[in-house]
Amino acid sequence: MRYDAVIVGGGNAGLSAAQALARARRRVLVVDAGQPRNRFAAAVHNVFGHDGTPPATLLANGRAELLRYPTATVIAGEVIEAVADAVGFSLALADGQTVQTRTLILAGGVCDVLPPLDGLQARWGRSVLHCPYCHGFEVAGRALGVFAGDAMGLHRARMLPDWGPTTCFLEDGFEPDADDARKLANRGVTLERVPVVELLGTAPALDGVRLADGRSIAIDALFVGSRVEPVDGLADRLGCAQDIGPLGPYLRVDAFKQTSVPGVFAAGDLSQPMHSVPLAVASGLLAGVGAHQALIAADAA
């Protein structure tokens with residue numbers, strides 16, 4: 001069978017894109033590797049009507065909604081290759097299957113690359129966090145820390161006092177200029193220039209950090225700016241253009257999420273510089289509509 005659309009990635013963006021296409025009665029296949037980026041978090045937040053829902057529950061509910069539509073299929077698997085063919089694209093799966101599709105939506109997402117400090121990954125999403133809007137309320141009123149090695153880190157440090165007393169740990173000799181230092185001081189942020197060498201406490205909890213000079217500072221949550229990378233190389237191999245955002249690369253797309261390669265769309269964190277569940281869902285809808293409009297245009301030609 002040649003599908004109207006294959007979606008690589010069954011997260012919030014991919015399921016949203018699939019639902020739009022299924023409601024348009026198009027044959028759509030979602031290939032899901034089962035490794036959503038937010039699997040380390042206990043709950044999703046800022047998702048209207050679903051605040052506090054575990055990420056796995058939100059995805060399970062979305063998948064069940066999608067599969068009520070008879071033209072939608074979801075399989076567990078990994079797409080390892082995608083090449084253009086005479087009608088659309090041919091995809092190779094890790095289990096040896098080959099799938100053909102008229103349009104392709106890349107929604108596999110990105111992965112977080114954390115600073116090289118032991119214990120960060122074991123606490124990721126629990127007491128080592130990335131986004132005050134996503135996690136700040138849950139740690140409000142406690143002693144907070146933040147790593148800052150660039151302008152984004154300083155931006156995060158200026159935000160955090162709205163949730164709790166904040167210590168900003170400067171990384172790799174990074175030093176804010178006089179204006180940034182003044183703004184941090186006006187927000188009540190304490191600057192610490194001695195490097196952090198150890199996280200204290202039993203993971204996933206955090207009791208504090210140890211500095212290179214032997215001092216310990218008690219903190220209950222640490223905000224770290226991860227760098228992001230695509231989870232796979234499909235977009236590169238297809239020739240999709242990309243841009244660089246504050247967290248890392250993302251694909252260049254138009255208003256309806258088509259990449260620089262006709263027939264290839266992108267949704268979710270892979271398609272935009274700002275990341276959250278609601279933004280992923282919205283981008284998935286746009287990609288699904290974009291793919292559907294491309295199918296209509298081809299059918300009418």
Side-chain angles (χ1 to χ4, degrees), residues 1-33 36-37 47 59 62-63 65-67 69-75 79 82-91 99-110 230-243 245 249-301:
M1 175 189 294
R2 181 176 291 273
Y3 291 91
D4 291 314
V6 168
I7 299 167
V8 180
N12 298 288
L15 293 175
S16 175
Q19 189 173 88
L21 284 154
R23 286 183 56 79
R25 303 171 68 201
R26 293 290 182 160
R27 295 185 305 276
V28 57
L29 172 67
V30 178
V31 183
D32 183 23
R37 183 184 177 193
V47 184
L59 288 179
R63 192 178 302 113
E65 288 179 358
L66 173 64
L67 292 175
Y69 295 97
T71 59
T73 303
V74 179
I75 64 171
V79 177
V83 295
D85 62 23
V87 182
F89 303 91
S90 181
L91 312 180
V99 176
Q100 283 77 39
T101 182
R102 296 176 64 193
T103 62
L104 176 62
I105 299 177
L106 302 176
V110 299
V231 297
D232 59 49
L234 294 177
D236 280 345
R237 292 196 290 276
L238 286 163
C240 301
Q242 67 177 30
D243 292 310
Y250 63 98
L251 297 184
R252 188 177 303 159
V253 295
D254 66 14
F256 281 94
K257 296 295 181 175
Q258 183 165 240
T259 70
S260 61
V261 177
V264 178
F265 298 78
D269 295 349
L270 191 61
S271 71
Q272 53 204 18
M274 296 181 65
H275 306 152
S276 75
V277 171
L279 292 177
V281 172
S283 73
L285 174 61
L286 289 171
V289 170
H292 182 231
Q293 290 298 315
L295 291 165
I296 291 172
D299 292 342

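By convention here, the first residue in the shown sequence is residue 1. Basis for what follows: all heavy atoms, side chains included, without hydrogens, waters or symmetry-related copies.
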Notebook entry, point to check: With a 4.5 Å heavy-atom cut-off, do Y3 and V28 have their side chains touching?
Noted result: no
Quick one: does D236's side chain get under 4.5 Å of Q242's, heavy atoms only? yes
d(I7 CD1, Q19 CD) to nearest 0.5 Å is 10.5 Å
Shortest non-hydrogen pair, P230 vs L270, comes out as CB-CD1, 3.9 Å
Value for CE (M274) from CG (L279), rounded to nearest 0.5 Å, stands at 6.5 Å
Closest heavy-atom pair, L104 versus F89, reported as atoms and distance to 0.1 Å, is CB-CD1, 4.1 Å
Practice problem: Kindly indicate whether the side chain of D32, heavy atoms from C-beta on, has any atom under 4.5 Å from the side chain of R63. | Solution: yes
For H292 and D4: C-alpha separation, side-chain torsions, deciding distance, then whether side chain to side chain contact (heavy atoms under 4.5 Å, CB included) applies. CA-CA 8 Å; H292 182 231; D4 291 314; over 6 Å; no
Between A287 and A267 the two heavy atoms that sit nearest each other are CB-CB, 3.9 Å
Tightest non-hydrogen contact, residues A82 and L234, listed as N-CD2, 4.0 Å
Checklist line | Under-4.0 Å salt bridge between R102 and D299 | finding: yes
query: Would you say Y69 has more than 12 foreign heavy atoms packed within less than 6.0 Å of its OH?
result: yes
- Quick one: do V6 and V31 satisfy side chain to side chain contact (heavy atoms under 4.5 Å, CB included)? Show the steps, please. CA-CA 7 Å; V6 168; V31 183; 4.2 Å; yes
Closest non-hydrogen atoms of R2 and T101, given as atom of the first, atom of the second and distance, are NH1-O, 3.4 Å
One should read off an interatomic distance between L66 CG and T73 OG1, to the nearest 0.5 angstrom, of 8.5 Å
Taking every heavy atom of L251 against every heavy atom of C240, the minimum-distance pair comes out as CD2-CB, 4.2 Å
Discussion item. Would you say that more than 12 heavy atoms from the other residues, nucleotides or ligands in this model lie under 6.0 Å from the CZ of R23, or not?
Written reply: no
inquiry  = Tell me whether the count of non-hydrogen atoms from other residues, nucleotides or ligands lying under 6.0 Å of CZ in R25 goes above 12.
reply    = no
For a 4.5 angstrom cut-off between non-hydrogen side-chain atoms, does D85 reach Q100? yes
Close side-chain approach of D232 to V79, heavy-atom, < 4.5 Å
no
Contacts of A291 meeting side chain to side chain contact (heavy atoms under 4.5 Å, CB included) (sequence neighbours excluded), chain-then-number -> L21, T103, I105, F265
Residues 281-296 vs salt bridge (Lys or Arg N to Asp or Glu O under 4.0 Å), sequence neighbours excluded, gives none
Side chain to side chain donor-acceptor pair (under 3.5 Å) pairs touching residues 265-280, sequence neighbours excluded, are R37-D269, R37-H275, K257-S271, K257-Q272
**Prompt:** Any donor and acceptor pair, going by atom type alone, linking the side chain of Q258 with main-chain N or O of G263 inside 3.5 Å?
**Reply:** yes
